[in-house]
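Inspection log for the structure reproduced underneath, given as structure tokens.
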Number of protein chains: 2
Amino acid sequence: MDFQQIRYFLALAKELHFWNTAGKMNITQSALSRQIQSLESELGVLLFERNKRNVKLTPAGKFLKDKWEVELNEMEFIHQFARQIHLGERGTIRIAHPDSISASIIPDIMASISNAFPRLQIELVQVLYENQQEFLLNYKIDLIITRDMNSAPGIRSEKIYTDNLSIVVPENHPYRTIDDLSKETLQQQKFILPIKDEGSSYSDIIHQMFKALEVVPDVYLHSEFGSTIIALVRKGLGVAILPDSYMYHESPGLRFIKLPFKTDLYLNWRAEDHNPVLSNVLKLILN
Amino acid sequence: MDFQQIRYFLALAKELHFWNTAGKMNITQSALSRQIQSLESELGVLLFERNKRNVKLTPAGKFLKDKWEVELNEMEFIHQFARQIHLGERGTIRIAHPDSISASIIPDIMASISNAFPRLQIELVQVLYENQQEFLLNYKIDLIITRDMNSAPGIRSEKIYTDNLSIVVPENHPYRTIDDLSKETLQQQKFILPIKDEGSSYSDIIHQMFKALEVVPDVYLHSEFGSTIIALVRKGLGVAILPDSYMYHESPGLRFIKLPFKTDLYLNWRAEDHNPVLSNVLKLILN
DNA sequence: TCCATTAATGCAATTTACGCATTAATGGAT
DNA sequence: ATCCATTAATGCGTAAATTGCATTAATGGA
């Protein structure tokens, strides 16, 4: 059974005239007649009561007219929807990102996506450092922004942004500009730092920074969560080294003093993932 | 687009293997490959991501698999339903009948129909004498049982039953058997009779009966409604001439005395009505 | 009774679908 | 690293289906 046959049937059910219908459907009366016959015999249902003069729907034909009209519309809608999925205009994408950028570049990225593809559903999630690779490879997330270059097989990684590192101090702290910093005073600070994850280039950079400053930091506390770190600094429990992106969180009571060190942000995705939604989002972010 | 193509797609979406699927669908891998390609190009949607080694659904393919499964089941259900309509096993038929037989042959007819065609919906209606023909010809009813032969063009009529006429008297009435009746006493009765409709053979018969008995009835009241007539007789307001069928109404306080006159019941329907439900019901009633 | 209309049908031509055989890509085994 | 078995795609000839044209047969109206 062919959709076209059903379209012929619906047209004929409206017109109730083989010649007129054939004309409208751009076939000959002969073809239409045979298509209807073929439909009837395949269904095992007489659709029209017809003689050489009149054509009218049988009760079963009337029933099918009503039902098929609905079903064909439904089908057309489904196919339209499928086309949008195919073009990456519909669908869901799960993006993981570090807390630090949730107020800096993430809003820009989201705005850009929802502007270009308003029908996309985006799920923003946070993923612990040790789960990042597994979640990506097991399709729990589709895209992840990290501060580490990822070189695992099957994962592609591109640098998308570079953050400055700042030292974050409470408003009443004597550090006011970069010039106030000295090896001696730094040595006296209590530091609140991110957890030093194995192989994390981000914590490496912080480590290298202290090396370059020739300071061995007195680490008061390690936390994976930037918001926790910021709250602790505000309470005067220590100072922190954080990427500038945290400035966008508009947290009062803090001062960011830019340091001459940088940390990169990378976009990571499955190399073999051809999901058109992903392709579209990648194009947008990497532009 | 062909339903068969969608069935091929669904099979392949389950198997994810062209050779195995082709075998199960009883075609060659070549044909299956081309059918899927044709489906993809007609839809404008890539359904499978495939190389010479692996086959997997695209997001759009996954979506269509879920949707099409539902739609195809829906369609199969619709077609099954249509087949039942075609065979006259499903549908609605509106049957009109005189009040008199609602407790005699109507229950038998209903039982017979619902036994043979349990899915049929029957609507029983009452139609005033003057509307009978119009309602039938205008498809307001499909079948009508009358006490008059109908010979209008486009209407077929078949005799299905013959009722005896009885004189109906209250229980305390002196008439006990047919032998108690005499011209003289009949002349003294007050009669409650049906309305003498123009061209109604039924009221004709009652008229002829009185002529044969050489009695001119003292008609106290005319009513079209048998139940009204019966109620009036029970109250002692007169006696009536009614078809035996009323005996089945189990009305207490009445005596039916059979008279040597008969009245026929006819089944009437549109001659050109080929509704299979009607055909089935006709076959049952006329057997 | 005749005629115009119209659905069905025979036939030839065209288009489409199919199976067979082959090709080309790929993942796993040696 | 190389070879091989597996497997989806494809070229080609044949079979099947669909189509249009012309004709037929039925039917309602003049």
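Scope of the values below: all heavy atoms of this structure, side chains included, with no hydrogens, waters or symmetry mates. All values reported here derive from a predicted model rather than from experimental measurement. So that the names make sense, note that chain A is the first sequence line, chain B the second, and so on, each numbered from 1.
Among the protein residues, A:Q35 comes within range of the sugar-phosphate backbone only, with heavy atoms under 4.0 Å from sugar or phosphate atoms but none that close to a base. Within the 4.0 angstrom heavy-atom criterion, base atoms lie near B:Q29.
Between the side chains of A:D163 and A:T263, not a single donor N or O lies within less than 3.5 Å of an accepting N or O. For the 3.5 Å distance criterion, the side chains of B:Q132 and B:T146 fail to qualify, holding no donor opposite an acceptor.
Whole-Å rounding puts the A:K56 NZ to C:dA7 P distance at 16 Å.
A donor-acceptor contact under 3.5 Å is formed by the side chain of A:R53 with the base of C:dT5. Judged by distance alone with a 3.5 Å cut-off, a donor-acceptor contact links the side chain of B:R34 to the base of C:dG19. Residue A:S30 places a side-chain atom within donor-acceptor reach of the base of D:dC21, judged by atom type and a 3.5 Å distance cut-off alone.
Contact check, B:W19 against D:dA8: a side-chain N or O comes under 4.0 Å of OP1 or OP2. Under 4.0 angstrom from either OP1 or OP2 of C:dA8 there lies at least one side-chain N or O belonging to A:S33.
Pair assignment for D:dG28: C:dC3, on the basis of Watson-Crick or G-U wobble contacts that are both within less than 3.5 Å. The partner of D:dG20, taking Watson-Crick or G-U wobble pairs whose two distances both stay under 3.5 Å, is C:dC11.
A salt bridge between A:E134 and A:K140 is present, with a side-chain N of the basic residue lying under 4.0 Å from a carboxylate O of the acidic one.
Geometrically, A:R147 does not engage A:Y266 in a cation-pi contact, judged by NZ or CZ lying under 6.0 Å from the ring centre and within 45° of the ring axis.
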